[in-house]
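Structure, as structure tokens:
Keep in mind it's a predicted model, so treat the numbers as computed, not measured. Values reported hereafter were calculated over all heavy atoms of this structure, with side chains retained and with hydrogens, waters and symmetry mates removed. Note that ligands are numbered from 1 as they come in the structure, with each ligand's atoms numbered from 1 the same way.
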Amino acid sequence: MNIFGSLSRDMGIDLGTANTLVHVKGKGIVLNEPSVVAIQRDTGEVLAVGEEAKQMIGRTPGNIVAIRPLKDGVIADFDVTQAMLKYFIRKAMSSQSMIRPRVIVGVPSGVTEVEKRAVIDATIQAGAREAYLIEEPMAAAIGAGLPVHEPTGNMVVDIGGGTTEVAVISLGGIVASRSIRIGGDEMDEAIVQYIKRTYNLMIGERTAEEVKIKIGSAVPPAEDESYEIRGRDLVTGLPKTLTIRAHEVQRALSEPVYGILEAVKVTLEKTPPELAADIMDRGIIMTGGGSLLRGLDRLLSKETGMPVNIAEDPLTCVGVGTGKALESIDLLKRVLMMPKKFG
Ligand SMILES: Nc1ncnc2c1ncn2[C@@H]1O[C@H](COP(=O)(O)OP(=O)(O)OP(=O)(O)O)[C@@H](O)[C@H]1O
């Protein structure tokens, strides 16, 4: 292998609304950081990216804002997304001593043509030799090890931070799909609103996420665990601590959970019967951090009458899938979007 070949390995990126992951061929996941950027408000200067910037959420002085440039599965802030993507690509390239890798980026299926172009441009500007895009549900299915090239129906339900993407894949293409703006963020927001309504207590999104992960559930919890939270009392304006119980959190989460179940059912209704029969045999695969909400797999199985399995490592599926997609790039040329070569 020549020197250039060994230095210019392939890189796959899961550009997620909550987390960005970078996968390098032969190395696995080499970077996994929150998709957050801290910016100086007056100058627009980028102060921190990733983990460091996440620590600043809700704690920044007035002139610094910590933002999540991808919101609800779409690129909410163009320039900041580009800056973040470039930062992550360069960081991964330098830690892996890579020169001009081929890069494939997994993007939410809702992104517009202009946004696709922006992602490609940012990737090339960061130093990629070639840049490709792949839709997240396809990457999730590849990452979960589904036989996407075979003439058989595979259903993947990817519950991320901003979106839930449901897709039926066969012969390397997406046959039926649905993308909704309900994911982990919406669940956090439902908890914030419940606590505000019920206790007049305002809590931050990070606290809400902790509550969801620690005691959240899609079905009535077997044990009614409790969790202590801190926020600001809306009546007195002072900090206050209270204890919330698991059954309350389950109730608070019922609306977003219902939205996800509906999206799966609607997609199944649009699925050709032969493929639906395959899914019945093989089961639905869940990926993304939201699939870890307790009992969601069981509830989905009950509601659809299909077997449901959670992928082995749901949080890294899209990242791993993008990496694997580059390995079989010739097979996948059909499903990749807009290749662009450097120079
Ligand atoms: N154990 C858990 N239980 C419930 N939710 C969880 C758990 N672990 C992580 N999550 C949630 O998963 C979400 C992040 O998932 P993931 O990293 O797959 O999203 P993403 O790929 O960045 O987003 P998107 O697919 O929308 O672009 C967050 O909302 C997080 O709170």
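By the 4.5 Å heavy-atom criterion applied to side chains, Ile229 and Val211 are counted as neighbours. Put simply, the side chain of Asn19 reaches to within 4.5 Å of the side chain of Asn32, judged on heavy atoms. Residues Val166 and Val156 form no side-chain contact, since every pair of their non-hydrogen atoms from C-beta on lies 4.5 Å or further apart.
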Does the side-chain hydrogen bond (donor to acceptor under 3.5 Å, both in side chains) test come out yes or no for Glu130 and Tyr132, once each step is laid out? CA-CA 7 Å; Glu130 292 170 28; Tyr132 299 88; 2.7 Å; yes

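Contact shell of ligand 1 (protein heavy atoms, cutoff 4.0 Å): Asp14, Gly16, Thr17, Ala18, Asn19, Glu136, Gly160, Gly161, Gly162, Thr163, Gly184, Asp185, Glu209, Lys212, Ile213, Gly288, Gly289, Gly290, Leu292, Leu293, Leu315.
For the atom pair CE of Met93 and NZ of Lys86, the computed distance is 13.0 Å after rounding to the nearest 0.5 Å.
For the residue pair Glu248 and Tyr199, a side-chain donor N or O sits within less than 3.5 Å of a side-chain acceptor on the partner.
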